[in-house]
Amino acid sequence: MRAGLQIILHFLRSIFVCETCSEMSDNNEHEMVESPLKETMTLLSRTPKGQIVYDRDPLEPIKQSTSNSKSGVLLSENIFGRNPAHSPEKSIDSQYFQHQYSVHHPHPGLNNRPNLLMDIPVQHTEKSINQFKWQQELLMMRNTNQLDETTPVYNLSNHGIMQLFELREQQRLSTATSFMKKIEDFKEVSRRSDEEECLRMKQELEERLVPKRESQVDVEMIIQRLQVEARKRFQQEKDQIDQKLKEITSIQEKELQEDMKKKTLELHIAEAKRRKGISSSKLESLLKFLDESVTSCQERDSFLQTVQMKLDRVTALKTQFQVVVNNVNHEDPLNSAIRSENIVKQIEDLVEVIRDDIAKNNAIVEEKNVLSKRQQPQSALPSSAVMPITSSAVKQEHRNDQLGCLEKKTCDSNGGDEDLDFVRREDLVVYSQLQAELRQYEANTVAFSGDLSLKTLRFELQKAVLHPVNEISDQSGQHLQDKLDRLRSLLQGNAVHVGSRMVRATEHPGGLEYCTNLLARRLVAQGEDQVNVNPKAAFPIAAIITELWLEFPVFGRLVLAHFYRQCPYLVPYYLPQQEGQSNEDYYKSLGYRYSSGKVEQQPTYLKRMSGVVRLYAAVLISLPRRNQPHPHGLEHAWRYLAALLNLSPRNDITAAILVEFLTVAGSAMSKEYGKQFQKLLHLICTEYFTMIRNVTPKGSGGGPVTRLEEFLHESITKGGISAPAGQLFPRFW
């Protein structure tokens with residue numbers, strides 16, 4: 001009630017102020033009442049239950065339809081743009097609303113209403129300040145008679161004004177209440193958030209600082225252990241599955257490989273059987289041809305003595321062939337077939353050589369018969385009827401004349417039955433045959449060697465021979481096998497790589513013979529050039545020579561011929577100086593080298609000859625692969641050593657070649673011949689070494705003699721001869 005009364009009093013006071021201020025000037029009053037009334041109209045428009053609702057521009061005229069009162073106020077047009085703070089009527093508050101009790105004197109004004117009420121003192125609060133502002137605005141109101149027709153008129157009844165102030169107060173209170181409620185809500189939310197954050201931080205600190213109970217630690221450890229065990233078990237199961245898959249795959253692969261191997265083995269067995277049959281048929285035809293050739297030979301008894309070694313070799317190869325054919329190798333059946341084919345090839349080459357020898361012998365015998373007939377008086381024939389003599393027959397006759405001359409010397413000096421002092425007769429025959437074959441072979445390659453149009457081909461073939469030969473070493477079995485394969489392919493007439501080109505020895509007639517002779521000569525020359533510098537190099541070179549000799553017998557005979565040409569002491573043959581032969585020719589025949597007309601020094605010559613002897617001895621003890629028979633094995637070492645001891649020693653050279661030969665071949669010969677070799681070694685230590693000392697001039701260096709003496713003393717002290725350094729072990733390759 002009190003609040004309602006205060007509002008009524010304020011309203012009446014405002015009416016009084018309006019009447020009092022009606023006489024003020026239009027210019028000042030027009031601006032003073034505009035802004036408060038605009039605020040009042042805005043509040044009325046927001047009132048949900050009021051009687052006055054503004055849904056248009058507040059500057060447009062609206063009418064009050066709910067009141068019968070005809071009283072009202074007239075507001076100026078710019079009332080809503082006025083700023084009371086800058087109004088010239090700023091002093092009205094202090095002029096009419098002092099904080100004291102006063103009585104308003106009657107003053108003509110709006111509707112001539114008397115003002116009999118006293119002002120109630122109001123505190124300087126926000127509420128009182130707002131009331132004063134309304135009072136100032138109402139003081140600015142003036143009579144509608146003073147306005148023109150264009151000024152909008154707002155008719156407000158007393159009841160509407162009272163409702164206006166009530167709504168304003170309610171809205172103010174509700175706004176303040178809602179604002180305070182929002183503040184309270186914000187504080188509550190902030191408080192709760194702070195509490196939750198503190199609780200969370202407290203829990204974290206407790207987890208960090210407060211130790212866990214033993215039960216919790218045990219539970220966590222158990223969980224971790226179970227997890228680790230589960231992972232391990234899973235991994236084990238996975239590994240087992242992978243292992244089983246691998247085993248299954250491996251078993252399947254093995255089964256496939258076994259099936260393939262079985263099928264391949266069956267095919268190889270069939271192929272080996274077929275090839276062995278072909279080799280057997282070929283061998284039978286060769287032996288039949290050999291028998292026919294021997295049967296047709298004239299003066300057979302005397303001729304067979306010269307070719308008896310070859311015939312024995314054919315017999316040995318035939319026996320070996322039977323062993324190889326009957327031996328069935330289930331792991332590698334083709335190996336026996338290949339070996340049988342190689343044996344047949346060797347027999348074929350030997351049969352060809354024997355056939356040529358028989359043909360030459362028959363030609364010589366026929367020539368002799370013709371000459372003997374011509375010498376008879378009753379058989380005078382014209383010169384045109386004489387049979388022409390071939391060049392080969394002339395060469396053979398010249399060779400026989402030389403042999404006859406040597407035999408004549410032997411008969412004159414030794415009664416005709418003993419060997420020569422410088423060579424045995426059997427060895428001389430072999431030497432002469434090999435040198436004749438070598439000269440014939442070289443003559444067959446003269447056309448190829450002298451053709452200028454084939455210079456490029458010869459150069460490529462030389463590289464195909466020299467490169468593998470120079471690369472032979474005991475680096476590894478694979479390395480040595482590679483060099484053997486390249487040289488074998490060349491001698492077989494296959495195409496081989498020479499740089500970026502492919503070359504074949506059979507591209508031109510005479511090319512294969514040229515390569516074969518060149519290879520034999522270069523391998524023997526390695527003894528002079530490489531073995532005398534590096535003694536261990538003799539054994540890989542000897543292994544290559546042995547393997548090629550097994551497959552190509554002609555190549556082996558050429559190698560032996562070059563050995564005898566380079567070092568005649570390997571026959572053994574101490575060449576004598578012939579009548580009319582110059583010293584230079586004689587020394588060259590012994591193997592000396594000449595430079596600018598001067599013969600090389602004796603130590604250099606002995607060192608080169610020692611290298612050749614070492615290489616030859618390495619060939620004799622070399623072990624062929626796959627247990628094949630050696631084409632020139634230890635039996636030749638025994639023959640050579642026995643023949644050497646049956647000749648009178650020479651100064652330096654005999655001691656040099658003997659110590660080198662025993663160093664390389666002595667151990668193998670001791671194992672092979674046992675006590676017989678020990679007797680031979682005892683003979684060397686006692687009698688033969690004394691003979692060597694007797695032929696050694698006094699005051700000479702005696703280097704080879706000293707080395708031989710030291711070697712023999714060491715052998716006697718150790719009770720045997722040690723194996724040579726660098727010898728390849730049996731399964732090297």
(message) Looking at Ser489 and Asp485, would you say the former's side chain and the latter's main chain have a donor-acceptor pair under 3.5 Å?
(response) no

(message) Check this for me: does any side-chain nitrogen of one of Arg192 and Glu188 sit under 4.0 Å from a carboxylate oxygen of the other?
(response) yes

(request) Measure the spacing between CZ of Phe711 and CZ of Arg707 and express it to the nearest 0.5 Å. (result) 11.0 Å

(message) Whether the side chain of Ser250 engages the backbone of Lys246 through a donor-acceptor N/O pair (distance < 3.5 Å, no angle test) should be reported.
(response) no

(request) Tell me, with the steps shown, if His630 and Trp549 meet side-chain contact (heavy atoms from CB on, under 4.5 Å). (result) CA-CA 9 Å; His630 201 296; Trp549 198 332; 5.9 Å; no

(message) When you compare the side chain of Leu519 with that of Phe552, does any pair of heavy atoms fall below 4.5 Å?
(response) no

(request) Measure across Met669 and Phe661 and return the closest heavy-atom pair with its distance rounded to 0.1 Å. (result) SD-CE2, 4.1 Å

(request) Check for a donor-acceptor pair, side chain of Ser622 on one end and backbone N or O of Ala618 on the other, with a separation under 3.5 Å. (result) no

(request) Measure from the side-chain N and O atoms of His562 to the backbone N and O of Ala525, and report whether any donor-acceptor pair falls under 3.5 Å. (result) no

(request) Answer yes or no: is there an ion pair linking Glu271 with Arg274, defined by an N-O contact shorter than 4.0 Å? (result) yes

(request) Report the C-alpha distance between Leu681 and Ile716 in whole Å, list the side-chain angles of each, state the deciding distance to 0.1 Å, and finish with yes or no for side-chain contact (heavy atoms from CB on, under 4.5 Å). (result) CA-CA 9 Å; Leu681 189 62; Ile716 295 172; 5.9 Å; no

(request) To the nearest 0.5 Å, tell me how far Lys232 NZ sits from Arg225 CZ. (result) 11.0 Å

(request) Determine, for Glu229 against Arg233, whether the closest basic-nitrogen to carboxylate-oxygen distance falls under 4.0 angstrom. (result) no

(request) Using a strict 4.0 Å threshold on nitrogen-to-oxygen distance, state whether Glu197 and Arg200 make a salt bridge. (result) yes

(request) Starting at CG of Leu523, measure out to CZ of Phe563 and round the result to the nearest 0.5 Å. (result) 8.5 Å

(request) Would you mind reporting whether Ile621 and Phe539 have side-chain heavy atoms less than 4.5 Å apart? (result) yes

(request) Any chance you could measure Met221, atom CE, to Ile223, atom CD1, to the nearest 0.5 Å? (result) 11.5 Å

(message) So does Ala538 get a backbone contact from the side chain of Arg614, meaning a donor-acceptor N/O pair under 3.5 Å?
(response) no

(request) Find out whether Asn532 and Glu528 are in side-chain contact, i.e. whether some heavy atom of one side chain is under 4.5 Å from a heavy atom of the other. (result) no

(message) To check you understand the geometry: which heavy-atom pair defines the closest contact between Leu487 and Ile544, and what is its length?
(response) CD1-CG2, 4.0 Å

(request) Write down the atom of Thr663, the atom of Pro724, and the distance for their closest heavy-atom approach. (result) O-CB, 3.8 Å

(request) Anything under 30° is parallel, anything over 60° is perpendicular, the rest tilted; go ahead and classify His636 against His632. (result) parallel

(request) Go through Glu635 and Tyr673 one step at a time and tell me if the side-chain contact (heavy atoms from CB on, under 4.5 Å) criterion holds. (result) CA-CA 10 Å; Glu635 66 275 8; Tyr673 299 106; 4.2 Å; yes

(request) Check Ala464 against Val503 and note the closest heavy-atom contact, atom names and distance. (result) CB-CG1, 4.4 Å

(message) Test salt bridge (Lys or Arg N to Asp or Glu O under 4.0 Å) on Glu341 and Lys282; report intermediate values, then the result.
(response) CA-CA 9 Å; Glu341 290 175 350; Lys282 188 175 181 180; over 6 Å; no

(request) Check whether any side-chain heavy atom of Ser340 sits under 4.5 Å from a side-chain heavy atom of Arg275, and report yes or no. (result) no

(message) Could you measure the distance from the CD atom of Glu247 to the NZ atom of Lys254? Nearest 0.5 Å is fine.
(response) 9.5 Å

(request) Answer whether the closest heavy-atom distance between the side chains of Gln526 and Asn470 falls below 4.5 Å. (result) yes

(message) With no hydrogens and no angle check, just 3.5 Å: does a side-chain donor-acceptor pair link Gln235 and Asp239?
(response) yes

(message) Restricting to non-hydrogen atoms, name the atom on Leu461 and the atom on Gly511 that form the minimum distance, rounded to 0.1 Å.
(response) CD1-O, 4.4 Å

(message) Could you measure the distance from the OG1 atom of Thr264 to the CD1 atom of Ile269? Nearest 0.5 Å is fine.
(response) 11.0 Å

(request) Determine yes or no for a side-chain-to-main-chain donor-acceptor pair under 3.5 angstrom, with Thr249 supplying the side chain and Leu245 the backbone. (result) yes

(request) Under the side-chain contact (heavy atoms from CB on, under 4.5 Å) rule, what do Arg486 and Val496 come out as? Steps first, then yes or no, please. (result) CA-CA 7 Å; Arg486 290 167 62 181; Val496 295; 5.8 Å; no

(request) Evaluate salt bridge (Lys or Arg N to Asp or Glu O under 4.0 Å) for Asp194 paired with Arg191, printing each intermediate quantity in order. (result) CA-CA 5 Å; Asp194 293 341; Arg191 183 182 62 78; over 6 Å; no

(message) Between Phe677 and Ile721, is there a side-chain heavy-atom distance shorter than 4.5 Å?
(response) yes

(request) Check whether any side-chain heavy atom of Val498 lies under 4.5 Å from a side-chain heavy atom of Gln462, and answer yes or no. (result) no

(request) Return the minimal non-hydrogen interatomic distance between Leu480 and Ala543, and the atom names on each side. (result) CD2-CB, 4.4 Å

(request) Using a 4.5 Å cut-off on heavy atoms from C-beta on, say whether the side chain of Gln676 contacts that of Trp638. (result) yes

(request) For the residue pair Glu513 and Asn517, confirm or rule out a side-chain donor-acceptor distance under 3.5 Å. (result) no

(message) Under a 3.5 Å distance rule, please check whether Glu547 uses its side chain to pair with a backbone N or O of Arg625 as donor and acceptor.
(response) yes

(request) Salt-bridge test for Glu460 and Lys463: reply yes if a basic N is under 4.0 Å from a carboxylate O, no otherwise. (result) yes

(message) With a 3.5 Å distance limit and no angle check, can you tell me whether Asn534 reaches the backbone of Gln530 through a side-chain donor-acceptor pair?
(response) no

